[in-house]
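The structure appears below as structure tokens.
From a predicted model like this one, the values you see are computed outputs, not experimental measurements. By convention in this document, chain letters (A, B, ...) are assigned in the order of the sequence lines, proteins followed by strands, and residues within each chain are numbered from 1.
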Number of protein chains: 2
Amino acid sequence: MSRYDPSAFPPFAVTVDLVVLTVREHALCALLVRRGEPPYQGYWALPGGFVRPGEGLAEAASRELAEETGLRAYSAPGHDAAAPGTAGAHLEQLATYGHPQRDPRMRVVSVAYLVLAPDLPTPRAGGDASGARWAPVTELLGPNQVDGVPLAFDHGLILADGVERARSKIEYSSLATAFCSPEFTVGELRRVYEAVWGVVLDPRNFHRKVTGTPGFLLPSGGTTTRQGGRPAQLFTSGGANVLNPPMLRPES
Amino acid sequence: MSRYDPSAFPPFAVTVDLVVLTVREHALCALLVRRGEPPYQGYWALPGGFVRPGEGLAEAASRELAEETGLRAYSAPGHDAAAPGTAGAHLEQLATYGHPQRDPRMRVVSVAYLVLAPDLPTPRAGGDASGARWAPVTELLGPNQVDGVPLAFDHGLILADGVERARSKIEYSSLATAFCSPEFTVGELRRVYEAVWGVVLDPRNFHRKVTGTPGFLLPSGGTTTRQGGRPAQLFTSGGANVLNPPMLRPES
DNA sequence: CTAATAGTGTCTCTAAGACAATATCGT
DNA sequence: ACGATATTGTCTTAGAGACACTATTAG
């Protein structure tokens, strides 16, 4: 068989799976859906589905995200305005999983995408999922499980990779702002870092650092007192893709 | 159609493409093969090929690498001993490319892998390739081309992503040692950084930095004078996956 | 000897971490 | 006033970059 012979290719199914992360109540949470049919019926799984003919991979991920959560995603550059009543979310490709036996029925290659979203109302169940929930990732990692039951397929592994990507990427990019509303305070951003890394940060050093890193934050002019205490300045993301100097994770 | 209905999936072909990088004569070079058949007949392309039924993705990448170069690859953890007469190479997944029209004949999703190898004898042409060569990446990037002709398919984009991954990953990992022979000197390692980043580094500060970073280098005891001048200590890779503090790319 | 590369030391400056102190709100 | 959060400032220390200097080889 020649290298690119189109008439003799082995048959594969291609799916996308989504690691959708948000910060809720000071904890990093992942979106799970309950499978309504075999295999793994009744198990919790990552949202996802088949890539359609003629549809790009990121496009498929974006579509599945909208179907299951109503979220509108923007890929890395060029933040599309979100439609009214919906919120924007960061979307990027994570990795591809293609172990021959990862699906018991047939050969499935799944391209996983990572989505970072601000805190949202409880997800709506969409598609074939018979339920959806946010679960704190600390409960899902380790022996990956929900109430003692692991996630379907290799989704525990995919989730772990997604969480690790998010934890490392907020070090050297302004991606942590994707977990915040369009306007946010330094304190809110700090609580995002604390939740994602699972650490406690010094508010004074954090403030000096983020406001002193070029391109990280843009003052929007307003102030808010929604956290109580002295009113805090509001910022929007400066959109810098790479932070210099980077934010450093403690205890390393 | 339900989310994972195995009887109604759209047909995809799945391939692997390889971005194989090495440092030759103080330049970062990529391995290209010449296509022997349409489409893009006569164009230079990345090595690659179909994933076989029952074969994992990394396994397919490893097989294609061996077929086209004789290189034996090791995935990130657990460096397998290379077979006699062959050299080991680092292999990791890069990204997946699935634009619906990326192959003019049919729907092909390609999982790209990044391979970092020490300098080697000129590659042997294998498989259907009617030729193979190392090309400096500085000539291939920008308006991606070889002698004014772009690479086949979207391989220019894949190559650019692979080079960027290599450039950023040697900052915070000991991966640069994958470009060196098993035993190497600090000067040889510095020339790797200079070639990959396209910069000139201060030999004195570089020496202080790499020898002072825990887990980066292990003294092997021997010395060599293969560079001329005062004999240099030989080191092996310390295997640290994450460098702390990281190597910093100048001019940022 | 000179040329070349290896390796050490010294100085300056940036920035991280540990705090003290002040500012401005809700109650 | 009190408690909470925001923000500024100060001190100490680690580490990056510039660069003088010494060490050890080949020719």
Side-chain angles (χ1 to χ4, degrees), chain A residues 26 170-172 180-181 183-195 197 199-236 240 242-252, chain B residues 26 170-172 180-181 183-195 197 199-236 240 242-252:
Chain A
H26 215 274
I170 64 173
E171 285 193 74
Y172 54 89
C180 299
S181 6
E183 282 194 329
F184 54 89
T185 69
V186 172
E188 288 164 354
L189 183 62
R190 175 171 48 84
R191 281 180 277 275
V192 164
Y193 275 92
E194 291 178 332
W197 285 343
V199 298
V200 174
L201 300 173
D202 185 292
R204 299 157 296 183
N205 291 337
F206 184 87
H207 188 282
R208 172 163 46 88
K209 180 123 173 82
V210 295
T211 55
T213 299
F216 198 174
L217 299 182
L218 287 174
S220 74
T223 60
T224 182
T225 160
R226 59 187 169 219
Q227 300 295 332
R230 172 176 168 179
Q233 288 182 62
L234 287 170
F235 295 87
T236 58
V242 54
L243 296 182
N244 197 316
M247 302 295 297
L248 290 180
R249 228 155 142 179
E251 208 254 336
S252 54
Chain B
H26 215 273
I170 64 174
E171 286 192 75
Y172 54 89
C180 299
S181 4
E183 283 194 329
F184 53 89
T185 68
V186 172
E188 288 164 354
L189 183 63
R190 174 171 47 83
R191 281 179 278 275
V192 164
Y193 275 92
E194 290 178 334
W197 285 344
V199 297
V200 174
L201 300 173
D202 185 292
R204 299 157 294 182
N205 290 337
F206 184 87
H207 187 284
R208 172 163 46 87
K209 181 121 174 82
V210 296
T211 55
T213 298
F216 198 174
L217 299 182
L218 288 175
S220 74
T223 60
T224 183
T225 80
R226 61 186 169 221
Q227 300 296 329
R230 170 175 170 180
Q233 288 183 63
L234 287 170
F235 295 87
T236 58
V242 55
L243 297 182
N244 197 314
M247 303 295 298
L248 290 180
R249 229 156 143 178
E251 209 254 336
S252 52

Whole-Å distance, A/Leu234 CG to D/dT5 C1', equals 14 Å
Result for 5'-nearest mapping on DNA chain D, choosing between A/Thr211 and A/Gln227, is A/Gln227
Here the distance between atom C1' of D/dG15 and atom CG of B/Leu243, to the nearest Å, is 15 Å
Any side-chain heavy atom of A/Phe184 within less than 4.5 Å of one from A/Leu217? yes
When rounded to whole Å, the CG to P distance for the pair A/Leu189 and D/dT5 reads 17 Å
Each nucleotide of nucleotides 17-27 of chain D classed B (base within 4.0 Å of a protein heavy atom), S (only sugar-phosphate) or -, in 5' to 3' order, makes BBBB--BBB--
- Message: Does a side-chain N or O of B/His207 approach OP1 or OP2 of C/dG7 to a distance below 4.0 Å, or not?
- Response: yes
A/Arg226 CZ to D/dA4 P, in whole Å, measures 20 Å
A/Leu201 atom CG is separated from C/dG17 atom P, nearest whole Å, by 9 Å
- Query: Please walk me through it: do B/Thr185 and B/Leu234 pass side-chain contact (heavy atoms from CB on, under 4.5 Å)?
  - Reply: CA-CA 5 Å; B/Thr185 68; B/Leu234 287 170; 3.9 Å; yes
Side-chain atoms of B/Arg190 come closest, of D/dA6, C/dA6, D/dT8, to C/dA6
B/Pro231 meets the side-chain contact (heavy atoms from CB on, under 4.5 Å) criterion, sequence neighbours left out, with B/Thr223, B/Thr225
Of C/dA6, C/dG7, D/dG15, the nucleotide closest to the side chain of B/Thr185 is C/dA6
When rounded to whole Å, the CZ to C1' distance for the pair A/Phe184 and D/dA6 reads 16 Å
Separation of C/dG7 atom C1' from B/Leu217 atom CG, nearest Å, is 14 Å
Separation of C/dG17 atom P from B/Asn244 atom CG, nearest Å, is 11 Å
Query raised in the report: Where do A/Arg191 and A/Glu188 land on the side-chain contact (heavy atoms from CB on, under 4.5 Å) test, with the steps shown first?
Result: CA-CA 5 Å; A/Arg191 281 180 277 275; A/Glu188 288 164 354; 4.3 Å; yes
With sequence neighbours left out, the residues meeting side chain to side chain donor-acceptor pair (under 3.5 Å) with A/Gln233 are none
With a cut-off of less than 4.0 Å, is there a side-chain N or O of A/Gln233 near OP1 or OP2 of D/dA6? no
Fit a plane to each ring of B/Tyr172 and A/Tyr172, take the angle between them on a 0 to 90° scale, and name the class: parallel (under 30°), tilted (30 to 60°) or perpendicular (over 60°). parallel
Would you check if the side chain of A/Glu171 reaches a backbone N or O of A/Pro246 as a donor-acceptor pair within less than 3.5 Å? no
